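Inspection log for the structure reproduced underneath, given as structure tokens.
Residue numbers run from 1 in the order of the sequence given. If you're wondering where the values come from, they're calculated on a predicted model, not measured in any experiment. All values below were derived from every heavy atom in this structure, side-chain atoms included, with hydrogens, water molecules and symmetry-related copies excluded.
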Amino acid sequence: MSRMDGKVAIVTGAGSGIGRATAGRLAANGARVAVTDVDPDGLAETAAEIEATGAEVVQATGDIVDPSTIDAVTRGALDAFGQVDVLVNNVGILIAKPIAEHTLEDFDRLMHVNVWSYMQAVQRVVPEMQRGGGGSIINIASIGGLVALPNSAGYCASKAAVIGLTRSIAYEYAPEIRCNVICPGGVETPLSKAHIASMESPEEAIRLTTAQQLQKRFAKPVEIAEAIVFLATDESSFMTAATVPVEAGHSAW
């Protein structure tokens with residue numbers, strides 16, 4: 001028997017990176033998975049990888065800030081599998097600028113994608129979890145929610161907000177529904193690679209990103225996904241409102 005037999009999970013931002021790895025690991029552990037992303041090609045690749053293993057998956061493409069997207073993927077999960085037990089709020093964007101150069105539009109976009117989409121997903125999915133007797137929500141924040149990162153004030157603010165939101169969700173929906181947050185450090189994702197490539201010196205950017213870590217490397221997305229799977233399973237049944245750094249000791253300083 002697999003760790004997540006009988007469970008149904010929704011994963012947002014599943015078209016690449018941590019989201020793709022998470023959807024794959026959840027499926028490999030026995031879950032049936034519903035995935036969404038704004039990138040139709042990336043999402044199709046994720047779904048194809050899962051289907052190739054013989055696991056069940058449904059998909060819905062769209063911008064997660066639009067309420068119709070989380071509604072579509074939730075309805076897809078319910079129509080195909082009859083329930084929702086796990087929600088992984090993974091979607092996120094990075095706008096890297098000095099504070100003096102941030103605009104209101106930058107800040108609004110960061111908060112809408114990185115925070116409001118999580119709140120909106122919880123509003124839609126929690127009633128389905130309650131009808132099923134409970135569930136587990138895992139939010140993805142960042143080491144930037146715990147410590148300062150250069151030229152990333154708006155991003156760090158949004159990720160700190162995710163940590164606060166997580167605690168409130170856990171408090172409000174206990175004991176049937178658990179909610180925890182993971183704070184990854186540097187991870188090899190399309191988002192991080194694009195950010196580093198845009199820097200004047202990519203090599204220096206990598207050095208600075210890992211300088212505070214006790215392990216001087218980027219994580220593979222699957223290393224973050226394994227922590228997410230643990231929080232999705234009943235193995236973590238006594239954990240809620242927890243902030244879990246998966247960041248090679250960055251916050252030890």
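Using a 4.5 Å heavy-atom threshold, the side chains of His102 and Ile95 count as touching. Two residues are said to be in side-chain contact when any heavy atoms from C-beta on lie closer than 4.5 Å; Val65 and Arg109 meet this criterion. You'll find the side chain of Ile70 stays beyond 4.5 Å of the side chain of Thr36, heavy atoms only. Between Pro245 and Leu146, some side-chain heavy-atom pair lies under the 4.5 Å cut-off. By the 4.5 Å heavy-atom criterion applied to side chains, Thr69 and Thr12 are not counted as neighbours. Residues Glu247 and Val147 are not in side-chain contact: their nearest non-hydrogen atoms beyond the backbone lie 4.5 Å or more apart. You'll find the side chain of Ile163 reaches within 4.5 Å of the side chain of Arg167, heavy atoms only. The shortest distance between side-chain heavy atoms of Ile137 and Met129 falls below 4.5 Å.
Shortest non-hydrogen contact noted between Val181 and Ala141 is CG2-CB, 3.6 Å. Closest non-hydrogen pair, Val115 versus Ser158, comes out as CG2-O, 3.3 Å. The minimum heavy-atom distance between Ala27 and Ile50, with the atom names listed, is CB-CG2, 3.8 Å. Contact record, Pro221 with Thr189: CG-CG2, 4.5 Å, taken as the closest heavy-atom pair. The shortest heavy-atom contact between Ser236 and Phe230 is OG-O, 2.9 Å. Across Pro184 and Ile18, no two heavy atoms sit closer than the pair CG-CD1, 4.3 Å.
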**OP:** Begin from the C-alpha positions of Asp37 and Val35 and carry the test side chain to side chain contact (heavy atoms under 4.5 Å, CB included) through to its verdict.
**Re:** CA-CA 7 Å; Asp37 199 281; Val35 293; over 6 Å; no

Subject >> Chi angles and distances behind the side chain to side chain contact (heavy atoms under 4.5 Å, CB included) call for Ile10, Val125 >> reply: CA-CA 9 Å; Ile10 292 174; Val125 173; 4.1 Å; yes

**OP:** For side chain to side chain contact (heavy atoms under 4.5 Å, CB included), just list the numbers for Leu149 and Lys159, CA-CA rounded to whole Å, side-chain angles, deciding distance to a tenth of an Å, and then say yes or no.
**Re:** CA-CA 11 Å; Leu149 300 177; Lys159 293 304 186 177; over 6 Å; no

Original post:
Between Tyr118 and Val91, is a side chain to side chain contact (heavy atoms under 4.5 Å, CB included) present by the stated rule, with each step listed?
Top reply: CA-CA 8 Å; Tyr118 289 24; Val91 70; 4.0 Å; yes

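Within the 3.5 Å criterion, the main-chain N or O of Gly13 finds a donor-acceptor partner in the side chain of Asn90. Panel note: side chain Asp5, backbone Ser2; a donor-acceptor pair is recorded below 3.5 Å. At distances below 3.5 Å, not a single donor-acceptor pair connects side-chain atoms of Tyr173 with backbone N or O atoms of Gly134. Between the Lys97 side chain and the Ser152 main chain, no donor and acceptor come within less than 3.5 Å of each other. Looking only at distances, a side-chain donor or acceptor of Arg20 sits under 3.5 Å from a matching main-chain atom of Gly42. Under the 3.5 Å distance criterion, the side-chain polar atoms of Glu101 are left unmatched by any main-chain donor or acceptor of Asn151. Judged by distance alone, the side chain of Thr166 and the main-chain N or O of Cys179 form no donor-acceptor pair under 3.5 Å. Side-chain atoms of Gln59 never come within 3.5 Å of backbone atoms of Thr46 as a donor-acceptor pair (strictly under, hydrogens ignored). Checked by atom type and distance alone, the side chain of Arg178 pairs as donor or acceptor with a backbone atom of Leu231 at under 3.5 Å. Side-chain atoms of Gln213 come within 3.5 Å of backbone N or O of Gly186 as a donor-acceptor pair.
A 6.0 Å sphere centred on NE2 of His112 holds no more than 12 heavy atoms belonging to other residues, nucleotides or ligands. The environment of CE in Met111 is crowded: more than 12 heavy-atom neighbours from other residues, nucleotides or ligands sit within 6.0 Å.
Taken to the nearest 0.5 Å, the OG1 atom of Thr210 stands 6.5 Å off from the CZ atom of Phe218. The distance from atom OG of Ser136 to atom CG of Asn180, rounded to the nearest 0.5 Å, is 6.5 Å. Atoms CD and CH2, on Gln123 and Trp116 in that order, are 4.5 Å from each other to the nearest 0.5 Å. Between atom CE of residue Met4 and atom CZ of residue Arg32 there is a gap of 10.5 Å, rounded to the nearest 0.5 Å.
Val113 and Val38 are members of different hydrophobic clusters when ILVMFWY side chains are connected at heavy-atom separations under 4.5 Å. One hydrophobic cluster, built from ILVMFWY side chains closer than 4.5 Å, holds both Ile140 and Val11. Leu87 and Val58 are not part of a single hydrophobic cluster, where members link through side-chain heavy atoms under 4.5 Å apart. Put simply, Ile93 and Leu43 are part of the same group of oily side chains (I, L, V, M, F, W, Y) that touch within less than 4.5 Å, one to the next. Under the 4.5 Å side-chain heavy-atom criterion for grouping Ile, Leu, Val, Met, Phe, Trp and Tyr, Val222 is not connected to Leu26 through any hydrophobic cluster.
Of the options Asn89, Thr243, Asn139, Ile182, a side chain to side chain contact (heavy atoms under 4.5 Å, CB included) to Val162 is made by Asn139 and by none of the others.
Under a 4.5 Å side-chain heavy-atom cut-off, the cluster of Ile, Leu, Val, Met, Phe, Trp and Tyr residues that includes Ile99 has no other member.
For the side chain to side chain donor-acceptor pair (under 3.5 Å) test, residues two or more places apart in sequence or in another chain that qualify with Lys220 are Glu188. Every residue meeting the side chain to side chain donor-acceptor pair (under 3.5 Å) condition with Ser68, not counting sequence neighbours, appears here in chain and number order: Asp66.
At a cut-off of 3.5 Å, with distance as the only test, no side-chain donor of Asp71 or Thr74 sits close to an acceptor on the other residue.
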